[in-house]
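Below is one structure, written out as structure tokens; comments come after it.
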2 protein chains.
Amino acid sequence: MNRYSAKEELILQAAEALFLTKGYTNTSTTEIAQKAGCNQALVHYYFRTKENLFQQIFIKKVMSLFAEFMKTRPAGMDFTESLRERMGMYFDFIEANKQLPFMVINELAANLERRQAFCEELRTNPIYTQLYRQFDDEVQREIQAGRICPIDTTDLYMDIISLTICTFITLPTYRVLLQFDNEAEKQYIRRRKEELITTIQKRLRP
Amino acid sequence: MNRYSAKEELILQAAEALFLTKGYTNTSTTEIAQKAGCNQALVHYYFRTKENLFQQIFIKKVMSLFAEFMKTRPAGMDFTESLRERMGMYFDFIEANKQLPFMVINELAANLERRQAFCEELRTNPIYTQLYRQFDDEVQREIQAGRICPIDTTDLYMDIISLTICTFITLPTYRVLLQFDNEAEKQYIRRRKEELITTIQKRLRP
DNA sequence: AGCGTATTTAATAGGTTTATTAAAATTGGC
DNA sequence: GCCAATTTTAATAAACCTATTAAATACGCT
């Protein structure tokens, strides 16, 4: 079941929400405690240090982000179809976790140690290496069969995450700049999703 | 000439380097003073507040980023050619200012007031509105002439900055992950630049 | 040389932050 | 219903950060 106590869970949730929206430095343990409805000392009682608490949330979240795209290819589809499917899923996942890209970018870019720990995990954990290899194999097969044009798998992956992530990274600014109301924003996001899929499909045409 | 005194200039430089790499919150005025080789009080003497100092650097930098792409179309080229040229220039500009995207993302996303001030500037300053309108006109003309396929100008612009910026946002991580040495990194960046141009050109094909 | 202004510093007030400690409250087993 | 372990709190130490103030130093001008 749940290896966390109720309060511990509340603290984790509060911390996650705050770290995601405000980043590591801008979030204080006092604030986390407040949001979780407990004393600040309790945060340290359960997690000892702020860094510790952050790591637990960070690793979990970031890995889910990476794994989302590399998910096993849905059965009974050709590559192009399944890629479209996966891009859609990835895009939706980030839409549902709009703040995640910010946290990842901030913490990975700002902190060498965290970056190294993260890369170490990515390089050594067979879950991720296998997922990547599998995706790469698919791409190579399609290229050899002439169904898509030659492209480096890294580039393809980068293109997809770039177009996805930047949509949400620029969103807060676009919201102000283009004066989105709720409906306009939804529509914009839908359009960006279409644009992502179109662009990648055209990119892959032989 | 230079309206800054020598020490003032040193402080600005130190602050710029630090804000760019570590962000606003993670940089202290003490640190800036240290790097500039002066007393911490001097930072406040010249710029009164840390926020003030930051603004001066931020506005200048961000506006140069936006303006770079919208530069007037180089003469004697057709649109496709000139677009390629401009994408190259934009990419190179960001390569020469690798840290800039981080600062922009962080500060615009994290701080509503800054975002509003920035958007206000972008919306009202004729330099930027004109540059954008001009680019939009070009795109419309090309579409009507059937030389490129229909696309929303906002989408086209977003695609370009996405592919450019994400290259450098992920770079610190890729550096560790793919264990780049100097040469490998350069090569990777060159490849990403090609990929950007290829992808956009294919995207625009009728 | 000497006065007045601009620059630079040391010292410090006032605030916030993380982390610890010791005591109080709560819970579950018997 | 009491004891012991767990959970929670209040209080506070120690570090650090921004901003200010008043004093010291350098500088330009006559």
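Quick caveat, the model's predicted, so the values are computed rather than measured. Chain letters run A, B, ... following the sequence lines, proteins first, then strands; residues in each count from 1.
- When all heavy atoms of A:Arg123 and B:Leu177 are compared, the closest pair comes out as NH1-O, 2.7 Å.
- Side-chain contact between B:Phe180 and B:Gln187 is absent, with no heavy-atom pair separated by less than 4.5 Å.
- Put simply, OG1 on A:Thr173 and CZ on B:Arg115 are 6.0 Å apart, with the number rounded to the nearest 0.5 Å.
- Side chains of B:Lys193 and B:Asp92 form a contact here, defined as non-hydrogen atoms less than 4.5 Å apart.
- Residues from residues 16-25 of chain A placing a heavy atom under 4.0 Å of any atom in DNA chain C do not occur.
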Q | Stepwise salt bridge (Lys or Arg N to Asp or Glu O under 4.0 Å) test for A:Glu51 and A:Arg114 | A | CA-CA 10 Å; A:Glu51 178 68 25; A:Arg114 238 171 247 157; 2.7 Å; yes

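- Per the geometry, CD1 belonging to A:Ile11 stands 14 Å off P belonging to C:dT18, to the nearest Å.
- A heavy atom closer than 4.0 Å to some atom of DNA chain D occurs in A:Cys38, A:Asn39, A:Ala41, A:Leu42, A:Tyr45, A:Tyr46, these being the qualifying members of residues 32-51 of chain A.
- For the pair A:Leu53 CG and C:dA19 P, the computed distance is 10 Å after rounding to whole Å.
- Atom CG in B:Asn52 sits roughly 13 Å away from atom C1' in D:dT18 (whole-Å rounding).
- Listed by chain and number, the residues in a ring pair (Phe, Tyr, Trp, His ring centres under 6.0 Å) with B:Phe54 are B:Phe19, B:Tyr24, B:Phe58 (sequence neighbours excluded).
- Using a 4.5 Å cut-off on side-chain heavy atoms (C-beta onward), B:Leu100 and B:Ile94 make no contact.
- In this structure, A:Asp181 places its CG atom where more than 12 heavy-atom neighbours from other residues, nucleotides or ligands lie under 6.0 Å away.
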